[in-house]
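Working notes, structure below.
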Amino acid sequence: MIRVFQILIFVFSTIVVAQDVGSVAGSLSDKDNNNEPLPFANVIIKGTSKGTTTDFDGNYLLDNIAVGTYTIEFSFVGYETLEVPNVVIEAGKVTNITTALGASAAALDEVIIKTTARKESEVALLLDQKKAVTIKQSIGADELSRKGVSDAAAAVSKISGISKQQGGGNVYVRGLGDRYLNTTYNGLTVPSNDIEKKNIDLGLFSSDVIQNIGVSKTHAANFYGDFAAGNVDIVSKEYTGKFFITAETGSSINTRAVDKNFVKSEGTSFFGYYNRYDNNPFAVVVSHGVDPESASGPVAFTGAITTGNSWNIGEESRLSVFGTVSFSNDFEYRRGTQVDFTTVEKKRFPDSEEFEYSTNTTAMANIGYKINNNHRLTFNSLFINDATDEVGYFGIGGNGTNRDAILNTDKGFYQMNVQFDQDMVFVNQLTGKSRLNDKLEVEYGIGFNNVLARQPDRKRISVERYDLALDNDPNTNPFFYSNIAFDNQRYFQEITDNELNARVNLNYKHSEELTFNFGYNGRSKTREFENVRYGYDFINGTSTEVPDINNLDGVFSPENIGELYDIFVFNAIDPSQGITNRNNPGLPENIYEGELNVQSAYVDAEIKSGEKWTFVPGLRLEYFDQRIDYDVINVIATDPGFREADELFILPSLNIKYALTEDQNLRFSASRTVSTPEFKEVAPFVYEDVTQRIGGNPDLLADPAFSSILNLDLKYEWFFGRSELFSLGAFAKQINDPVNLVVANDATGTQRFARTGDKAEVLGAEIEIRKNLMVDEDENSIFSTGANVTVMHTKQDLKSSQGFISTTFDRDSDELQGASPLLINADVSYSPTFGTYKPVANLIVSYFSDRIDALGSGQLGNITEKSVTTLDFVWKNQIGDHLEINASAKNLLDPTIERVRENNGGDITISNYKRGINVGLQLKYNF
């Protein structure tokens, strides 16, 4: 790594270019609104990609402009564009242009009418990327809309070096998975909605609430120290214009689901809510059956209403309100193989089918209050309800096998799994910005987040000799599999997360060449988890017949309690009082509570040397304190039932930017960061799915309690035209004491998190290009294309370990979990104009190569997620100023989603299925 560092420094320091330059500065106001400052307007040198946006007070600065004569263009959505020609730039001098924009026509030759750009446009975000001192890429609402992107997970997967996990919102940045990524919302942390993830599912953020998404791949002092892959910041939409209201509706079908008779859990609603939250789980088990219900026809629906307005209050104040409510559902049918395989095959279901009905409800309100030109407050509230109802039938052909079966190990093993998962996320934030004087500016924010994640009443039924239910002989029936009481069960789980977080940044501008940032950010997070299972313990054991596999409620009825079966719970309420664990309510089976506190202070300096160099050294001090208390089954009696750790991190960073020309930058970054464990990684609770088991490892909070990471980046970027870009980058990381998901060396093959070695290395390169192949007379793109490619090499050493779990590796090294050696994203866009008709057609492709999903230990091979290529087509049709009709066809290639376990005798498929093609139509009207 030291050698790589020396090479990068040498390459960086050998490139020097000198050029005489000047600047343009001024302010922009709204002449239709008492000449109030006009923030976030675009200021661009026409014919180039050089530009900026006005700040909170309408001020702007364009520096490092080569001497010459230019036309300066001012634009803002809803206003006419103003072009100021013959602006002369002189070396070492500042040209001042102060002007105003208005919505009405001006009697000036230089005022022309044309399409304007918004704050979240591709052009504006590329300008921000060019000006930024860290390596950052963004995607805005305009590009999301153009590419038909429906949520944040799909959005970030369009950025170079990023891929999305199929069937979920988990994203991989530079080959590093969920544990190495951070997600923020308006710069404040948001908690995970899923016990299995560190980050919130980005798929929960619909494009309706997104202004832009920025991915910072290099660390700076203002970011939390738990940083390796990057930070994803979702910026919520704001509004400052006149009243508007937009309504949209749409529908879609999935080619593999449309002809199926869909079923769902009994008790769940169309909108993704469970009807019996307040009832005791035992009462639900006694009162309600296990059979799924018929669902509505598998035609998906989307609908949304968005509105906004703003009002002047007095001479200086302004109140702005933006709100949106949306609902969508979806149907997916999967059919394929599911296998539970360790060193030998435990269960195999050659033919299985799953019916998934998912819903998403999003509501967001944004209230902005400009007190005066120096002070502004914003309140943002977001609610997300994400629910998934899944019914799975495993072994439907009668050929399912189970090595532990009692009646027949070679055929007829069958399981039904019916579950409803709901995640409700509440995010409330108050942010502000104040200019104290010409040199001091402060930004601040405080947030409170709550997540309620439920899995109420999962039903899992196990049957032997299911093949007898398919022989058309009424005298032969299958039997309930009853090795233990929980082979047929009802499962209830609840997670509650609460988090308070805050940030403050004081910006002190000492001079044009020197600016300081002093800041604080911190978070305090708690998690409470509990689950309980009720098992059906058959009095006659495995000789209990299943009279009708389609009417299990006829078996699990209240009148059969104590006659055919007992309801068994692991923990009785009070055995001393005769309240046993049979046919009575019980206590939780597993519980854990987690606390996390992170308090940080930082300082950085932005140092400009001449017209070319910008140096940003930074230092962050971060205190980390984490504790987990647990009471779970299957833990040895001598385990203390808790772990805790606290550390003080000293984290330096350096970001350097060198302007080769006005359109080309060379960037270098070096930093030290850390990776700390999550609650789900340290809590020893094991979640048992149909064919796999995943649990935590409290020893991750032992010594060491964190991974230390060295990050190096070098990047060249050329903004060679409006919305056009070429960039080439290289990166290297060294992760000390890395954590991987490992298939533990035990009989169950449970996957757990463990520190697998002393060191892991990541080396990679990225290339990206965006090019307009055809433009109109106003330089707006008609035909364009873009592509980005990332190649990576990862290697970690492996060592055996003993402790809460044991890992014994039969090799000295391997690739890093979650890393794809190759990532590709590309798109082609065609957007002609025919009068008031403005169609946009997009073809978008993404690819990731094979990556390790979990490391194998002992005699167990790795679990690998096989490569996937996706292809989407989106056709948007703007008709006039109000109507929009859009069509899409997504996942056109319908690739096989496959996971395999490496095995000496050849790879074993442990799951495979196809997701189908989604074809949709949307109608949108702006009132």
Side-chain angles (χ1 to χ4, degrees), residues 167-169 193-197 201 203-204 257 260 262-277 279 281-282 284-285 287-295 298 329-336 338 340 347 349 352-360 385-396 414-424 451-463 481 486-495 529-536 552-553 556 588-590 680 685-695 911 913:
N193 62 293
D194 188 337
I195 188 176
E196 296 303 325
K197 294 180 182 178
D201 185 345
L204 301 183
K260 304 299 186 297
F262 254 73
V263 288
K264 65 179 183 68
S265 300
E266 185 268 344
T268 61
S269 70
F270 174 82
F271 289 101
Y273 293 89
Y274 184 63
N275 295 326
R276 291 181 285 278
Y277 290 127
N279 296 329
F282 180 76
V284 174
V285 172
S287 304
H288 300 277
V290 300
D291 287 326
E293 300 179 325
S294 294
N329 61 12
D330 197 15
F331 295 84
E332 184 171 298
Y333 174 79
R334 302 183 291 270
R335 188 164 183 172
Q338 297 282 345
D340 184 354
K347 289 191 292 186
F349 303 107
S352 302
E353 61 180 356
E354 295 176 275
F355 299 83
E356 182 179 296
Y357 172 68
S358 58
T359 64
N360 178 270
N385 178 62
D386 183 71
T388 301
D389 193 289
E390 192 174 277
V391 176
Y393 301 111
F394 300 86
I396 56 176
Y414 166 93
Q415 286 188 296
M416 179 185 76
N417 190 77
V418 181
Q419 68 183 63
F420 172 73
D421 294 86
Q422 182 183 28
D423 305 311
M424 290 191 290
V451 173
L452 182 59
R454 293 182 171 120
Q455 192 177 100
D457 199 11
R458 184 192 73 192
K459 302 106 172 172
R460 186 171 296 165
I461 304 300
S462 303
V463 172
Y481 175 62
F486 292 119
D487 286 325
N488 298 275
Q489 61 172 265
R490 309 278 282 270
Y491 177 93
F492 300 79
Q493 175 180 292
E494 185 168 301
I495 306 167
F529 168 91
E530 67 175 32
N531 84 298
V532 64
R533 285 185 299 174
Y534 288 94
Y536 293 105
L552 296 175
D553 290 350
F556 300 110
E589 182 176 346
N590 300 282
K680 56 103 174 185
F685 162 74
V686 175
Y687 182 85
E688 297 186 13
D689 209 338
V690 174
T691 57
Q692 68 176 3
R693 293 149 298 281
I694 299 179
S911 70
Y913 59 88

For the residue pair Tyr534 and Phe492, categorise the inter-ring angle as parallel (less than 30°), tilted (30 to 60°) or perpendicular (more than 60°). perpendicular
As an exercise, state the distance from [atom1] of [X] to [atom2] of [Y], rounded to the nearest 0.5 Å.
X	Y	atom1	atom2	answer
Tyr491	Glu589	OH	CD	8.0 Å
Ile396	Met416	CD1	CE	14.0 Å
Asp457	Thr268	CG	OG1	10.5 Å
Phe271	Asn360	CZ	CG	13.0 Å
Ser358	Asp421	OG	CG	11.5 Å
Gln422	Thr388	CD	OG1	10.0 Å

May I ask you to check whether [X] and [Y] show a side-chain donor-acceptor distance below 3.5 Å?
X	Y	answer
Glu332	Tyr913	no
Ser462	Asp487	no
Arg458	Gln489	yes
Gln415	Asn417	no

[X] side chain to [Y] main-chain N or O, any donor-acceptor pair under 3.5 Å?
X	Y	value
Asn275	Gly267	yes
Asp389	Ser265	yes
Asn385	Gly272	yes
Asp423	Ala387	no

Please report whether the ring centroid of Tyr333 lies less than 6.0 Å from that of Phe355. yes
For [X] against [Y], the heavy-atom pair lying closest together:
X	Y	value
Pro298	Lys260	CG-O, 3.7 Å
Phe420	Pro456	O-CD, 3.2 Å
Val532	Pro588	CB-CA, 4.2 Å

Any heavy-atom pair between the side chains of [Y] and [X] that's under 4.5 Å?
X	Y	value
Tyr687	Asn531	no
Tyr481	Tyr414	no
Val690	Gln338	no
Glu494	Leu452	yes
Phe394	Glu354	yes
Glu266	Asp291	no
Asp386	Thr359	no
Arg460	Arg533	no

Criterion side chain to side chain contact (heavy atoms under 4.5 Å, CB included) on Phe685 and Gln493, from CA distance to verdict: CA-CA 12 Å; Phe685 162 74; Gln493 175 180 292; 4.1 Å; yes
From CA spacing to verdict: salt bridge (Lys or Arg N to Asp or Glu O under 4.0 Å), Glu688, Arg693: CA-CA 4 Å; Glu688 297 186 13; Arg693 293 149 298 281; over 6 Å; no
Only counting residues at least two apart or in another chain, list the ones meeting ring pair (Phe, Tyr, Trp, His ring centres under 6.0 Å) with Phe331. Phe262, Tyr357
Could you work out, with salt bridge (Lys or Arg N to Asp or Glu O under 4.0 Å) as the rule, every residue matching Lys347, not counting sequence neighbours? none
